[in-house]
Amino acid sequence: MPIQRMQAKMLMEIRTWGKQLLLQFSGFTLRIHFLLFGSYTINEPKENRAPRLSLTFKNGTVYFYACSVRLLEEDLDDLYPWQADIMSDDWNAKRTRSLLLEQPELLVCDALLTQDLFAGSGNIIKNEVLFRKHLHPLNQIGYLPAKQLNALIKDVRQYAFLFLKWKKQYTLKKHWCVHNKSTCPRCLIPLKRAYLGKFKRRTFYCENCQVLFGHEKK
DNA sequence: CCGGTTGTTCAGCG
DNA sequence: GCGCTGAACAACCG
């Protein structure tokens, strides 16, 4: 990475899109993604490991660890659909709904991991929101009644704010209903655990409480 | 000590 | 070019 290019530059703007942190300088942007294990500190470097990147400003230094760092040249508005960000003021549920309706065969467990639809959603949010909305992970978008689809889209955003609140309180895990759990908190039967969908991520769900539409008994 | 994963990207293949 | 698979990365938890 051409590190000298960053010398003496002013940080113009800090933005985010989903899980990405975007540091805008004039002429280029640094894109930071913390992946599974990344972290950052300010003014307190970690003793036992080297930062992937550190940036020193007049008022302090930020250190980034175990993350992906990329240099973007493009205009961010051309790169990112801001309306897909589930925690943004610009979030547009209607946009995501109409994109979903174009893919009736898409599984809900895959939809909730697709960043262009739900930027910021991940595997924990997927598992928890599907349980909260009583939807089986293998539902196809096209079989969902409009009411259920709208409620699902709405709850991804709502749960993301709860997630953040609980995370800040260090009580996130305590609030998990199904993720990493073995028993359904609602009906007390054992939860199913499987690697589902095209992403094949760990999926926890209750076969009793989470409905599969379009597969009614004849 | 070991196995698994809150996520993404890339190489390789058919 | 597409879709799929496996690997790579990396730190922490149980």
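Per chain, numbering begins at 1; letters A, B, ... match sequence-line order.
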Has [X] got a side-chain N or O lying under 4.0 Å from the OP1 or OP2 atom of [N]?
X	N	answer
A/Tyr195	B/dT5	yes
A/Lys200	C/dT5	yes
A/Arg202	B/dG7	no
A/His33	B/dT8	yes
A/Arg70	B/dT8	no

Please check if atom [atom1] in [X] has more than 12 non-hydrogen atoms from other residues, nucleotides or ligands closer than 6.0 Å.
X	atom1	answer
A/Tyr40	OH	no
A/Lys46	NZ	yes
A/Leu188	CG	yes

Nearest whole angstrom, please: distance from the [atom2] of [N] to the [atom1] of [X].
X	N	atom1	atom2	result
A/Arg201	B/dG7	CZ	C1'	6 Å
A/Phe199	B/dT9	CZ	P	11 Å
A/Lys174	B/dT6	NZ	P	22 Å

For a quick check of understanding: with a heavy-atom distance under 4.0 Å over all strands, which category does [X] fall into, base, sugar-phosphate or nothing?
X	value
A/Lys126	nothing
A/Lys19	sugar-phosphate
A/Phe163	nothing

Legend entry - Residue pair A/Phe204 / A/His179: nearest heavy atoms and the distance that separates them: CD1-CA, 4.0 Å
Taking the [atom1] atom in each of [N] and [M], what is the distance between them to the nearest angstrom?
N	M	atom1	value
C/dC4	B/dT6	C1'	24 Å
B/dC10	C/dG1	P	15 Å
B/dG3	C/dA7	P	15 Å

Legend entry - Whether A/Phe131 and A/His134 hold their rings parallel, tilted or perpendicular, with breakpoints at 30° and 60°: perpendicular
Inset, instruction - Return the nucleotide paired to B/dT9: Watson-Crick means purine N1 to pyrimidine N3 with N6-O4 or O6-N4, wobble means G-U with N1-O2 and O6-N3, both under 3.5 Å. - result: C/dA7
Inset, instruction - Identify, between A/Lys173 and A/Arg52, the residue whose nearest nucleotide on DNA chain C lies closer to the 5' end. - result: A/Arg52
